[in-house]
Structure formats: C-alpha cells, structure tokens
Amino acid sequence: MESLKRAWLWFDDRTGLGSALGPVIKHPVPPNSASWFYVFGSATLFAFMLQVATGVALAFMYVPSAGEAYQSLQYITDQTTFGRIVRGMHNWGASAMILLIGVHMVRVYLTAAYKFPREMHWISGVVLWALVVIMAFSGQVIRWDQTAVWSTIVASEQAGRIPFIGEWVAQFLIGGGTIGGATLSRMFAYHVFIVPALLFIFIGLHLYLVIKNGISEFPKAGKPVNPETYREEYEALVKKKGIPFWPDAAWRDMVFGFIVITTILLIALIIGPPALGPPPNPANIDALPVPDWYFVFYFAFLALMPPQMETYLMVFGPLLVGALLFFLPFISNKGERSPLRRPWAVAIVALTIASISGLWAIGITSPWSPHFDAKPLTVEIIGADSGPIYRGGMDFNEKGCLYCHTISGQGGLRGPDLTYIGDRLSPDELTWRIMNGGLNMPGFGGTLTNAELADLVVFLKSRTKQNQEASSLGGD
Amino acid sequence: MNEKTKTSEDCSRRQFFTHISYTLGGLAALMVGIPIVGSVLAPIVKQPKPIWRPVGELKTFTVGDIVKVSFIDSSPLPWAGVTAETAAWLHRKGEEEFTCFSVNCAHLGCPVRWVAGARLFMCPCHGGVYYEDGTVAAGPPPRGLYDYPVRINNGQVEILTSPIPITTV
C-alpha cells in the first residue's frame, strides 16, 4: 500500500494530474443541485462509456463487409464467449442512451437550466442528442439484416425529398445507386469513426461548460434569472453554501449510474440481443421493416401524415424541431426558471410525451399495414360450406380483402371492421363500394367477375348481428 | 531605431508569420482534403452504367402472370454478397409484351408485394396500394410504381438495371 502511494505521489509530482484535476472534481456546487433530478446527464455519460467499451469489443469480432457482416453477427451471437451478452449490452445500452438523454433534456428544459449563462450547455446538448439519434439509426443499419437493408432504403427515400439535392443526399447515404458493398462500409464509418469522434468532442465541450459555468441550482419560483446579476449571485451561493461535487453530490450519480449499468447487463443476460432477421438480401421482399422501438413513433408519423403535406413534414418537420431545440436559449434566456411559473413549458413537455406515446402505440399495431399473415376465415366464421355465402367468403380470403378488413376478429385493421357490415349497407351500396373503392380502398371493378362480385355481396350482406348470434347459439 | 519603429516592425513580422502559418495550414488541409472528400463523395458523382440482365427464358413466363424476378444490380462490388441481388415484378402482358416494375414503393421505398387474387401490389410499410398497371390505387404514394425497360434477346427476357428509384420533389 505504501509503495502504491509513493508511486502515485511520484506520478502526480511529474504530471501534475492530481493537483490539476482535484479542484475540478471537487469544485463547489449548489447544495440543492445534489438531487436525484440531476442524475440523468451523468447516467447518459455512463451509458455512453458502456457503448464505447462494448462497441470496441464487438469491433474485434464484427466484419464490416456487406457480404459477411450478417454471418459475423451470427457468429458473435451464437458462438463466441460472452459475444451474446456484449451484443445485448450494446443494443440495450443504445436504448438506455436514447431514454436517458431524453429524460435529461426534459429535466433541463423544465428547470430552464438552458437560460443565462448556460445557453451553450443546451446547444451542445442538442448536438449530442442529434448525434445519439444518428448513432441509434446507423447502429440499427449495421446490424445488417433484412430490416437494416430496407430501413436504409426508407431513410434514403426520405432524404430524396429534400428539394434540389435530395437524390444526391440519398445516394451519398447508400453509397451509390443501389444497396450493396459500399452501403455497409459507409454506415460502419459513420457509426464507428465519424459520429463517435463528434460525440467525444461535444461531450468534452459539454463537460467543460459544466465546470466553467457550474451546475445550475435547482430553481425557486419567484427567483428569475437576471443576466446582469446572475453570475455574482451564483458565485456567492456556491462560496457560502456550496458542497464539493465529489463526493457529496456525485455519489447519487454513481448510485444511479450503477443501477443503469446493472439494469442493462441484466436485460442483456435475460433477454439478450435482438434476434437477427433474415439475411440482407434486397431480392427477398417478404419484409416489414419496422424500426427499433425508439423510432416507431416516427414510423407511425410517416404513415399518418397527410399525403399532400408529407414532403414538407418529412423534410422540414425534423429540421424545424431541430432548429427550435437549437435556438431555444435565444428565444428565452432570462426570467423565471421554476416549472411552477412556466406552465407552457410543462404543457409542451406533456404534449410532446403524449404525442410520442400515442404515435408509438399506433406504430406498434401499424393498422395501416395490410396483414399478409391474416388467418383465412373458416367455414364456421363464414357460416356456410357451399353456395354463394361460402363462395363469397372464400373470395374474401383470396382477393386480399382479409388483409385490410376484420371479420369476427380475423383480418387486418386498415379498413373498417366488416363483422356487422350487413346491418349497415344495402347490396347496392356494397356493390358500389367494392367496384369503386373509396377513401383508402382500391376499386375492384376491374378485377372481379360478375359472379365473384355477386357472391361477395351476398357474403357481406350475411354479416349481421342477428346471423352472428344465431350462428354462435347454433355452435353452443 | 526608435521604440515606435521597432513595434511596427515587430507587428509586421508577426503578421507575416501569422499569415504564412494560416496559409500553409489551409493549403495543406486543402491538398489532402481534395482526395479525402472526393473519395467519400465519389459515389454520387460516378454513376454506374445500366446493364441488361437476363431474368429467364421467354417460355418460362406465362402471359397474364406477374412474377418476381431476381437479378444482380447494376453495380455489384466483389464483397457485396447477397446484397448485390435485387428484384423486380415482371408482367408478361402479351406474346412479346412485358412490363417490369421496381419492387420499391414510390412512397418510401419499402418492398411491395403482388397479391395475385386481388391483382394489386400492396406495400407493408405505410399502406401504399397499386393496380396491376402500376398506378396508385390507395395510400400515400405520390406516384405510380417505377418501371424498368425490358427486352427479349435470344429467347431471354432481359431487364435494364438502374439505381433504386428515389422519389424527389
């Protein structure tokens, strides 16, 4: 022990690291900032450190080649020692980063810690958030299975809507005109070199600013920020009542960080990494490229936005959100900080969380997608084993109607539930709707024979509450 | 030499050193930057030549049917593996008349499926639907399916490969 101490004293004497860093980590902070509300930024940093460590470990085994990456991921997951756990931690660590950086941003926004003199803390934080989102997307792509391939195409198509330069941006993303050898190499470079380098730079800036301007004190209602006096007041506060960041405030960060890291490890152990989809063959088109959970709300947004406005929303929507976040401190950098005096801030956060949650819930069910795997209606549901009702029921199965419409709990959700359609529409109305389509339904006038149409109408007309009840009684 | 002249000379020397340092640094960055940035941007400048790819013998396609055909894309790299493959929907409309649609939905590029019973192309992602002639039947696509040129060459049906169609504004 004594020799270790002597070694450290020698090292510190020659490098000056202890005397340089000691005052930094022990700098005084406002006592009310030593709070559980203030642990999410450091937890995001801990999750990032885990991502770096697991990412480096994965890079020892992953082959960033379009033709071999998928097999290397199979190898990592199924054959290497601890590879499954490392991949699992990297995946759930990404989820944790997205979640924690979001909570941290909400906390900073609600307590208005972005106001004077911490405008650059917020701006560097917004850049970090954007970089984390890019990391999450590029990470999903270099998983390099079927979903990754189609997600890349979807992202490129969105980029294609940028006026004037859209096609160039799209081709820049996929590394040419087609998905192939260049695509994965580029995504790997973004994910492993370019974006992490930017992350390191902006994390350094973010931490430097926290030291320079100090951790914001927890706001008090009725105590607004006045840029002319704030710095003196803050310095007086930390001089008089400040506590050393290490360990008086930092212990909570360590405890919460430990919980976060342990949770990620446990999830990686119990659930493991996400299963790989089918191989990344663009010729295999039986795909439904649903993104990872944190992008599902945006997936729903893309499906639900009005077609007339979608180009503007798709291109300018994210830009507008990014610009609003970026320039927030310039919109308001003084005045009240307490959420108790900023009801609009609370309302904006509540509305944002509700919107994202709502879109996410819809995105999970994707009611706009045809259900290609819908179970065909059985003879029992059809209610006949011969005649026009039976033939109409079979046509309903075979003509794709079932992919979009539900009958007796089976089928898709894109169109109306037709379980009791016979009570609502007459045969003429049914015929007209099938022939011409309507709203979001294609017309089938050109594809159905007269006999098929007649059978379908008879079948649908038989979908009445009375018939269903009679059928269920008969079944009993 | 008085104090004033000395200061002026110092400033002049200092300005010279400042300017030469900035200039040399900028020049070095520019010299190495051109090939570095150029190599990264090359894919959007250098477009692959379209290539006719055979997708099957004429006799294997039935008149009236729409089938999926797979082929190698226009710019396969040696390490591309299965990602060099791509697909299209080929419709034999007559004895020597074909139409070939891209599998990419014109909305956001997801793979459309041919539902033979309904004679519709359906997209699983955001609900785009197309009639068998490729025109929009329902959903968000802003235009019909993109098509590939098709030809018959020595009894083989061939498709002219092209980049993934990007819907622009």
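It should be emphasised that the depicted structure is a prediction, and the values quoted were computed from it without experimental measurement. Chain A is the first sequence line, chain B the second, and so forth, proteins listed ahead of strands; every chain is numbered from 1.
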Quiz item: Non-hydrogen atoms of chain B under 4.5 Å away: do they reach the side chain of A/Phe172, the backbone, both or neither?
Solution: both
Practice problem: Under 4.5 Å, counting heavy-atom pairs only, tell me which of A/Gly67, A/Pro442, A/Gly446, A/Ala69 racks up the most with chain B. | Solution: A/Pro442
Quiz item: When heavy-atom pairs shorter than 4.5 Å are enumerated against chain B, which of A/Ala159, A/Ala283, A/Ala66, A/Gly176 gives the highest number?
Solution: A/Ala283
Self-check item: Under 4.5 Å from a heavy atom of chain A, the part of B/Ile164 involved
Solution: both
Practice problem: Tell me, with the steps shown, if A/Phe444 and B/Leu120 meet side chain to side chain contact (heavy atoms under 4.5 Å, CB included). | Solution: CA-CA 9 Å; A/Phe444 284 79; B/Leu120 293 169; 3.7 Å; yes
Self-check item: A/Phe372, CZ: over 12 other non-hydrogen atoms inside 6.0 angstrom
Solution: yes
Exercise. For chain A, find which of B/Pro76, B/Gly109, B/Gly81, B/Gly139 contributes the most heavy-atom pairs closer than 4.5 angstrom.
Key: B/Gly109
Practice problem: Could you tell me which of A/Cys404, A/Gly175, A/Ala189 has the largest number of non-hydrogen atom pairs under 4.5 Å with chain B? | Solution: A/Gly175
Self-check item: Residue part contacting chain B, namely of A/Met314, when any heavy atom lies under 4.5 Å
Solution: side chain
Quiz item: Between B/Pro48, B/Gly128, B/Pro43, B/Ala87, which residue shows the highest count of heavy-atom pairs closer than 4.5 Å to chain A?
Solution: B/Pro43
Quiz item: Taking every heavy-atom pair that is under 4.5 Å apart, which of A/Gly443, A/Gly437, A/Pro163 has the most such pairs with chain B?
Solution: A/Gly443
Practice problem: Provide the full list of disulfide bond (SG atoms under 2.5 Å apart) pairs with a residue in residues 74-116 of chain B, sequence neighbours left out, each pair given once. | Solution: B/Cys110-B/Cys125
Quiz prompt | Partners meeting disulfide bond (SG atoms under 2.5 Å apart) with B/Cys123 (sequence neighbours left out) | solution = none
Self-check item: Heavy-atom contact with chain B under 4.5 Å, split by part of A/Leu448
Solution: neither
Self-check item: Side chain, backbone, both or neither of B/Ala116 within contact of chain A (heavy atoms, under 4.5 Å)
Solution: neither
Self-check item: Nearest heavy atoms of B/Leu77 and A/Ala182, plus distance in Å
Solution: CD1-N, 3.5 Å
Practice problem: Can you sort out the partners of A/Cys401 under disulfide bond (SG atoms under 2.5 Å apart), two or more places apart, ordered by chain and number? | Solution: none
Self-check item: Considering all heavy atoms, the nearest B/Ala80-A/Gly181 contact
Solution: CB-N, 3.6 Å
Practice problem: Please check if atom OH in A/Tyr75 has more than 12 non-hydrogen atoms from other residues, nucleotides or ligands closer than 6.0 Å. | Solution: no
Self-check item: Heavy-atom proximity to chain B below 4.5 Å, by part of A/Ala287
Solution: both
Self-check item: Part of B/Pro140 lying under 4.5 Å from any heavy atom of chain A
Solution: both
Exercise. Under 4.5 Å, counting heavy-atom pairs only, tell me which of A/Gly160, A/Pro307, A/Gly400 racks up the most with chain B.
Key: A/Gly160
Self-check item: Proximal component of B/Val69, with respect to chain A [non-hydrogen, under 4.5 Å]
Solution: neither
Quiz item: What are the two closest non-hydrogen atoms of B/Gly127 and A/Pro370, and how far apart are they?
Solution: CA-CD, 4.5 Å
Short donor-acceptor contacts under 3.5 Å linking chain A with chain B:
unit_1	atom_1	unit_2	atom_2	d
A/Gly67	N	B/Trp79	O	2.9
A/Glu157	OE1	B/Thr167	N	3.1
A/Arg161	NH2	B/His107	O	2.8
A/Gln171	OE1	B/Gln47	NE2	2.5
A/Gly177	O	B/Ile164	N	2.8
A/Thr178	OG1	B/Asp73	OD2	3.4
A/Thr178	OG1	B/Ser75	OG	3.1
A/Gly181	O	B/Trp79	NE1	3.0
A/Arg186	NH1	B/Val40	O	3.2
A/Arg186	NH2	B/Val40	O	2.6
A/Asn281	ND2	B/Glu85	OE1	3.3
A/Ala283	O	B/Lys68	NZ	2.7
A/Glu310	OE1	B/His107	NE2	2.9
A/Glu310	OE2	B/His107	NE2	3.4
A/Trp368	NE1	B/Cys125	O	2.7
A/Ser369	OG	B/Pro124	O	2.5
A/Ser369	OG	B/Cys125	O	3.2
A/Arg414	NH1	B/Gly127	O	3.1
A/Arg414	NH2	B/Gly127	O	2.8
A/Asn440	OD1	B/Gly139	N	2.9
A/Gly443	N	B/Tyr131	OH	2.8

Practice problem: Among B/Leu108, B/Val82, B/Val169, single out the residue with the greatest number of heavy-atom pairs under 4.5 Å to chain A. | Solution: B/Leu108
Quiz item: Of the backbone (N, CA, C, O) and the side chain (C-beta and beyond), which part of B/Pro141 lies under 4.5 Å from a heavy atom of chain A, both, or neither?
Solution: neither
Quiz item: Taking B/Ala138, B/Gly117, B/Pro111, B/Pro163 one by one, which has the highest count of heavy-atom pairs under 4.5 Å against chain A?
Solution: B/Pro111
